[in-house]
Each structure stands twice: as structure tokens, then as C-alpha cells.
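Convention: sequence-line order gives letters A, B, ...; per-chain numbering from 1.
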There are 2 protein chains.
Amino acid sequence: MKHEAVADTPADPAHAPRRSDATRAAILEAARERFAADGYERATIRAIARDAGIDPSMVMRYYGNKEGLFTAASEIDLRIPRLGAVPARHVGAVLVTHFLDRWEADDVLTGMLRVGVTNEAGAERMREIFKAQLGPVVAGVCPDPADAPRRAALVASQILGMALARYVLRFPPAATMSRDELIAWLAPTIQRYLTAKQP
Amino acid sequence: MKHEAVADTPADPAHAPRRSDATRAAILEAARERFAADGYERATIRAIARDAGIDPSMVMRYYGNKEGLFTAASEIDLRIPRLGAVPARHVGAVLVTHFLDRWEADDVLTGMLRVGVTNEAGAERMREIFKAQLGPVVAGVCPDPADAPRRAALVASQILGMALARYVLRFPPAATMSRDELIAWLAPTIQRYLTAKQP
DNA sequence: ACTGTAGGCCAACAAGTGTTGACACGCCAG
DNA sequence: CTGGCGTGTCAACACTTGTTGGCCTACAGT
């Protein structure tokens, strides 16, 4: 309880910059990489601290415990683009392209997937992220907002499935297929899930 | 090295039945459940042994080490049906239906997914299984055998993505959607991946 | 009946885990 | 200058992990 005032939410944007901000950022970056590469259990606090070049006890002081660190490290923005501007017939292709980009931009999404599969807190985090960020976008382009959640789930299943096969499991054909070919195959699927009438 | 003669491959079908076969089976069953529920790291040998009602050291004697146990516990048969008999236009629906059945029959596939995502040996195992069991079936129904691997990867991505969303991550809409509705949505996707001309 | 051996349990090992508390340095306000 | 506080290290804790070796029991072959 001693360091409570220090350890509590650093998310306050109006907070004065602290001298330790660089360390905090280094910890977070190292944590993201380790969680992405190893999953929750095998990503040890000691390894993360070593990567960040500091003592493991600092991680505890700044983030409370391992779960707190994970929570802080897994604040994810899918950065889904506005779909209002793109022609309704192309939203599938735009979405697939975006997710391929997003997945290759950094290893945050791979980490989310690795942790979400073996850790209930990670799974809950994924549900929140997709509900909050993909849900509204789907609701904006599908015919009847009432079945937007179902359509979003279908879209998520295909997007996540491809990411799983290509970036995590590394199925040879999925991992080596060209980006354009992949888009050509997946875009119609996503398009149909988004806009086709209920089968 | 002492028990080498006992610990070596029990897969030999012409082997005399041993008194310990019941114990071996109990260990394997407990291991499958634990791996499925907890993933590789959190499924401890001690917990598996407790479930099987024996001492942890027995696991070591019969399966060498944890990885050997996993190898033995993850011999998986997808039980994909012969598609030669079904009309070419229905293979998508048949395949989706089968995989939903197979996934709900036991928790072996969920375990495979949980372990494959965080463990390289598990990933390799998944690649083998899908290549050996899904590959030939796809090659049998798709127009040009040359691009069968790509089509199989696409099929796998959608199948695994749905299993991930529905059975592992438990996305609310994906987990609660009715089986028939799910088939109606997914079957055309699989059908297209299998038989449509290259886009 | 006797003996070897397979089946099983117990206790322990070394290593690694998350986590904690005490202590040292250096900055900044008073 | 001096005190307090933020930043950081060190050493240790209690615990769990995979794994090992010794010992006991009971069955099977002779």
C-alpha cells in the first residue's frame, strides 16, 4: 500500500510528466513484445524487466502485478477506417486490406490473439475490443442494424481465422500467399457477411 | 535409462496388453482434458496425474516428459467424411456441418487450438494434421489440384476462425448463433473457396 | 514356493515464478 | 544546506514447476 499514490492510474492525460515516463514506456513496449511472442504464461516479468533494462520490482511498483501489466499493455486500437466515404461495394476489400496492414504493422494483435486463447482476461479484452471497435463500423454499413452483431461476429471469424493461419500458426500456403491474392479471396466473403441479405 | 524398455513406443498394435494399460489411458484422457482447458503451460503434470488418480512420476515413466505426453495426447483424427459421394454443390455445407459436429463432440480440437497458438510443437502438429487430413479432401473436390493447398488454407482459415470465435473466445453472437444459421452463412464461403474459379 | 520384474508411491531436487521489503542514490523545494 | 520523495537496486520470500531416484508391493514365470 506504500506506493499507492504512485502506482495508480497513469492514464490521466492532465498529469504532470514524471521523470520515470521513459521507464514506464520501456516496460510497456517490452511487455507487448513478450506477450506477443510467448503468450501470457511464458512471458515472465523477469524477462520483460530484462528487456526494458530495469529491475523486476519496478514492474510491480508501476503496474501492481502481472495482470495489471497485461491490462496496460493490451490497450488496443484496431484503427478501423471510416467506411462512410468508401463505396458500399468496396467495404469488404477495404476492411480486409486494413486488417492485413494492421496485423503486419506491429505484433500487438498477434499478442492479443496469443493471450486471448489461453487466458480468460485476455479473451474478455478481445471481446470488448471487437464489440466496441468493429461493432459500430459494421452497424454503419449493414442493411438492418438489428443483425449487426451477428454480421460482425462472422466478419471477425474470417479475419481472425486468417490471422491465425497466416501469422500465428504459419500454415505454409496461408503464410506465403501474396497479399493481393489473399484480398481477392477474402474480400467477397467479408462483403457478403456485411451486406448480403440473410441466407 | 532404467525403464527404457517400458517407456518406449506403446503404439505397437501387436503388443501384448500390459497390466498398466488402464493407467496409461487414464493419464491420456486427463491430459487431453487439461491441455484443452488450460493450454500447454498451465496444464501441469501434477494436475493431470491428480485427475488420473496416480502419482506424477508415473506420467514421466510412461511418457518420458511433458512434451512426450503432449505428443501422445494430441494424435488427432478430424474424421473428415468422404466427399466423393456428396453432390459437388453441397460439399461446403457438408464440411461446415461436419466440423461443427466434430468440434462439439469432444474438447480435443479446442485443446489443439489452445496449444497450437502458444506452443511451437503444437503449431507444427496442427500444420501436419490439416495438411494430411484436409489437404487430400480438398484436392479431391477442387478443379485444379495445383492450387489445392491454397484452397485448403482458405477453408482452414474460415473453419478455425469460427471455432476460435465460437468455442474458445466465446464472442457472444458467434457462440449463441444457432447451428443452422451458422451453416447457412458459412457454407457458401467454404463452397466458394473449394470450387469457385480463382478470383 | 521363489524370485524377478513391472506397477506404484514418496520424498526430494534444482530451477524458475510472482511478489515483497529494506536500502541507496539523486533531484528539487524549503 | 537539508529534508523528503521519486527512482532504482538487491536480496530474499513462499511457492510451483518438471523431473529423478529409492523403496515397497504384488503379480507371473519357472
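Under 3.5 Å, the side chains of A:Q158 and B:T189 contain no donor-acceptor pair of N or O atoms.
Taking atom CG of residue A:D55 and atom P of nucleotide D:dG6, one finds them 19 Å apart after rounding to whole Å. Rounded to an integer number of Å, the gap from CZ of A:R61 to C1' of D:dG8 is 7 Å. If you take CG of B:L69 and P of D:dG18, they are 10 Å apart, rounded to a whole angstrom. We find that CG of B:D38 is positioned 16 Å from P of D:dT16, with the value rounded to whole Å. Between the CD1 atom of B:I48 and the C1' atom of D:dG18 there is a distance of 12 Å, given to the nearest Å. Atom OH in B:Y63 sits about 17 Å away from atom C1' in D:dG18, given to the nearest Å. In this structure, B:R24 places its CZ atom 13 Å from C1' of C:dG8, rounding to the nearest Å. Nucleotide C:dC9 holds its P atom 7 Å from the CD1 atom of B:I54, rounded to whole Å.
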Would you mind writing out the side-chain donor-acceptor pairs for residues 43-51 of chain B within the sub-3.5 Å range, not counting sequence neighbours?
{"residue": "B:T44", "atom": "OG1", "partner": "B:A47", "partner atom": "N", "Å": "3.0"}
{"residue": "B:D51", "atom": "OD1", "partner": "B:R34", "partner atom": "NH2", "Å": "3.3"}
{"residue": "B:D51", "atom": "OD2", "partner": "B:R34", "partner atom": "NE", "Å": "2.8"}
{"residue": "B:D51", "atom": "OD2", "partner": "B:R34", "partner atom": "NH2", "Å": "3.4"}

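Taking the six-membered ring for Trp and thresholds of 30 and 60 degrees, A:Y193 and B:W185 have ring planes more than 60 degrees apart, a perpendicular arrangement.
Of the candidate nucleotides D:dC10, D:dG8, C:dG8, D:dG8 has the atom lying nearest to any side-chain atom of A:Y62.
Heavy-atom neighbours of B:E124 CD from other residues, nucleotides or ligands within 6.0 Å: above the threshold of 12.
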Inset, instruction - Scan nucleotides 14-19 of chain C nucleotide by nucleotide, 5' to 3', and note B when protein non-hydrogen atoms come under 4.0 Å of the base, S if they reach only the sugar-phosphate, - if neither. - result: ---BBB

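The ring pair (Phe, Tyr, Trp, His ring centres under 6.0 Å) check on B:Y40 picks up B:F35, B:F70, with sequence neighbours excluded.
Seen from the ring of A:Y62, A:R24 counts as a face-on cation partner, given the 6.0 Å and 45° thresholds.
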